[in-house]
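Keep in mind that what you see is a predicted model, and the values were worked out from it rather than measured. Every chain is numbered from 1 and lettered A, B, ... according to where its sequence line falls, protein lines coming before strand lines.
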Amino acid sequence: MTRDSTGTTLINHWQSGVPVYRGPVITDTLVFFGAVAVIGLALAAVRFWSPLGPYSGMNDAYAWGIWKTFNVMTLTALGSGPLALGIAAWVFNRQKLHVVMRTALVSGFLFYATGLIALGFDVGRPWNFYNALLPWRWNGESAMLEISICMPIYCALFLSFEILPLVLERLYYTGGDRTRAALRRISPLLRRMYPFMITGAYVVPLMHQSSLGGLLLLAGTKIHPLWQTPFLPLLYLLAAGLCGIAFVTFLLLLACLRYRRPLDLGILGELGNLLSAACFLFLAVRFGDLIWRGMLRSAFAFDSMSIIFLLETALILVPAVALRFRAVRETPRSLLKVATLACLGGTFYRFVPTTIAYHPERHSIYFPTVPELLIGAAYISVAIVGFGLAVKYFAVLPGDSGGWDHIFRPLRLRRTATRAEGATA
Amino acid sequence: MNAPISRRQALVGIVGAGGSVAGALTSSASAEEHPAHPVAPPDAVAMLYDNTICTGCKACMVACSEVNGLPPDTALSGGLWQVPSDLNSKTKNIIKLYQEPDGPGFAYVKKQCMHCLDPACVAGCPFDALKKNLWGAVTWDSSLCIGCRYCEVSCPFDVPKFEWDKWNPKIVKCEFCFDQRLVHGKEPACTAVCPTGSVIFGKRVDLLAKAKDRIAASPDKYFEQRVYGEHEAGGTQVLYLSSVAFDKIGLPKLGSTSLGHYATKVTSVIYKWLSAPILLAGVLGMVIRRNWNRHEAERPAREKRTGFPDQL
């Protein structure tokens, strides 16, 4: 694995997922985010006994607050890495990407799981949710139904299945002979199910990520015409793909810098290429739609909404163009900057129609309250803490296969710095 | 060799669809359910409100609160009497006054649920808690509502309200006095009590004809010589005649296409019988299986070369 397709000799640093052994498990950063998570979740628990009103800035005009519009509708776009990269790897056969799938899967799972928790606290009558189990009560044409059923299924079934190998692998390395024997029996079964499960794991989020945009169709004229379009479902889906690729790139770079992992510029360049294509595809549909609806003039009217539109477009256009240059793709620093811009642009697009470009008939303002913000931040902190722990206990981050170390045990916070030979199974 | 795989692909499709097959079954008729310009069924009831007659006595508001068992909203009056500022979780019906900023002109408006012919709230409600009931009344069922508030987001008239201050919150909106009066053969409280006849109850066809007669009799009295609600958002079962511009009294400018049609015209085709997701699952499944088999075939060699087990 030291030669790329053009025959150039490269040092391919990312060969497989390898746990992070360096440094303590509990770091100051982790403690900080853990504290935010605990405070926010405690507040969220109080919400069980409190009505939504005094707790949040939501009102009848802005009935959806940041928990729905940001934690669910925006952050699951960042969590769409498993969808975008999975399709690139398994459908379009981009073999290089297999090694970064685990980073995508773990981050995607955490975004979805925390988004679903957010949704659980946001709905006013959660006890009626059992209706989801009674198909004859479903309103099959409601995008909301599609989301409230598909999202939990995707997270609890498909994403969980996809991250199961991480857990089993750890059990294998830490377990005794009997565990290992049992896992050896399970392994072929998992592999037999795998192609079918990942097919589901791509079809289901394709459905609900587009339905998130479909939700906004019914809001009609409340959403500014630059954003309200019959193409919302497709644009939301394309934005999810864009955000997914951008966020995985961003996360890989950030985590590898944080844990001093060598970078693999071949794979990062591939991600950059994909990201550029995703940005261009999004922009093509976005502008095609604006031209089709004759909205181009108001898009460049330079009034407040037009400026927001132009900002959002610039945040996506800059990465799209910049990533066409090899120098940008293969310089980690510029790749990180550009991926951050794309993350911002994509999330901005997903967030704006639900908030800034959302103008209900009644004049009212919405700004999240402090508990609302803290709870929203807590969901994100849970994801950060989850990821911080996952990279240390499971083989999530890509690295040199030779870096494997068996001498780690479940929930042991202090580790010996012993290095073992490469793992064989 | 091919047949069992394609059968398995079909199975993947069903698994991939996550069991929402039944959802597709119930929505199979959705293409016909949301025509762009719905036609009112002959038994559809309606209200006609004419603000050239209304004196603003607010008897309808009191009657509404009484019949619906709503607590008086006394916040603005310091707890003395009922003065809601707008429709809210204690107010299903309100009379509001519009005063011209520079001039003596004024107009009243009565606001409540418009009972659209194809309501956006009903199209979006995930478990049919809001539904188009008998005679076209839009009613709410507490046992089905999860409190997602999508109805508030989707309603173009900003009608449904949520009890933000209650632990067991309900969606509060005018339900045409459905349970209280309509099913007992009585007209809604507001029209029954109105002393001037500015809001009247009847069949939608009859009221529409009546409204047009009034316009024909004295066209100068009415703004744009038309009935608001005849075509707005696909048509509503509350009709308005006004002496001032409709948007001045809080009746928004809306197209004549129903929002339900706009929102479901593409998805109702894609999700009909879940055909597109199943087809997609089949195609993706086939490609993935081919790539997977290739991946598995290369696995032993790869594991031998690197000395590490293949990671999924």
Side-chain angles (χ1 to χ4, degrees), chain A residues 1 15-17 51-54 58-61 63-64 90-91 93 123-126 128-129 131 135-146 148-150 153 165 191 194-196 198-200 202-204 206-207 214-215 217-221 230 360-362 395 401 422-425, chain B residues 8 12 15-18 20 22-24 26-27 30 33 86 88 120 123-128 143-150 152-154 156 158 161-162 164-167 169 250 252 254 259 262-264 266-268 277 280-281 284-285 287-289 291-292 296 306-309 311-312:
Chain A
M1 295 262 260
Q15 293 158 340
S16 63
L52 269 171
M58 290 186 267
N59 54 52
D60 284 319
W64 286 356
W90 283 116
V91 180
N93 214 16
V123 295
R125 307 169 62 83
N128 273 345
F129 209 78
N131 286 311
W136 57 91
R137 290 188 171 177
W138 294 355
N139 175 10
E141 67 204 18
S142 166
M144 188 54 121
L145 176 96
E146 213 270 312
S148 55
I149 288 178
C150 270
I153 287 179
R191 282 186 176 267
Y194 204 78
F196 299 100
I198 60 174
T199 306
Y202 305 146
V203 174
V204 169
L206 282 175
M207 285 161 71
L215 273 185
L217 292 176
L218 272 182
T221 50
E361 190 66 24
R362 268 155 55 112
S401 300
T424 44
Chain B
R8 252 183 264 166
V12 170
V15 172
S20 44
T26 56
S27 71
S30 61
E33 254 176 54
D86 208 335
N88 57 37
C125 187
F127 299 110
D128 284 332
S143 67
L144 297 174
C145 175
I146 57 168
C148 70
R149 310 183 295 282
Y150 189 28
E152 297 201 80
V153 170
S154 57
D158 285 314
K161 302 295 170 202
F162 183 76
W164 295 98
D165 54 349
K166 295 266 175 69
W167 186 82
L254 295 168
L259 278 166
Y262 172 68
T264 60
V266 178
T267 49
S268 64
L280 185 67
L284 284 185
V287 179
I288 287 171
R289 194 161 166 81
N291 287 336
W292 170 262
E296 284 292 86
T306 57
F308 294 96
Q311 282 182 332
L312 282 179

Practice prompt. Determine whether B:R149 and A:L52 make a side-chain contact, defined as any pair of heavy atoms from C-beta on separated by less than 4.5 Å.
Written response: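 Yes - at least one pair of side-chain heavy atoms lies under 4.5 Å apart.
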Worksheet item: Within a strict 4.5 Å, meaning less than it, do heavy atoms of the B:C148 and B:P126 side chains meet?
Response: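 Yes, at least one pair of side-chain atoms sits under 4.5 Å.
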Chain A contact via [X] - which portion, at a heavy-atom distance below 4.5 Å:
X	result
B:P169	both
B:D128	both
B:V266	neither

Are the side chain of [X] and the backbone of [Y] linked by a donor-acceptor contact shorter than 3.5 Å?
X	Y	value
A:E141	B:T264	no
A:R137	A:N131	no
B:R289	B:V287	no
A:N139	B:A123	yes
A:D60	B:F162	yes

If you tally heavy-atom pairs under 4.5 Å against chain B, which of [options] wins?
options	result
A:A143, A:P230, A:P54	A:P230
A:N128, A:L206, A:L217	A:N128
A:G53, A:A63, A:G17	A:A63

Discussion item. Counting only non-hydrogen atoms closer than 4.5 Å, does A:S16 touch chain B with its backbone (N, CA, C, O), its side chain (CB onward), both, or neither?
Written reply: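 For A:S16, the contact with chain B is made by backbone and side chain together.
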Worksheet item: Non-hydrogen atoms of chain B under 4.5 Å away: do they reach the side chain of A:P165, the backbone, both or neither?
Response: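 Just its side chain gets close to chain B.
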Closest-packed option against chain A by number of heavy-atom pairs under 4.5 Å, given [options]:
options	result
B:P252, B:A120, B:S143	B:S143
B:G124, B:A263, B:C145, B:P156	B:C145
B:E152, B:E296, B:Q311	B:Q311

Item to complete: Indicate the ring-plane relationship of A:W64 and B:Y150, choosing parallel, tilted or perpendicular according to the 30° and 60° boundaries.
Response: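 Rings of A:W64 and B:Y150: parallel, as their planes differ by under 30°.
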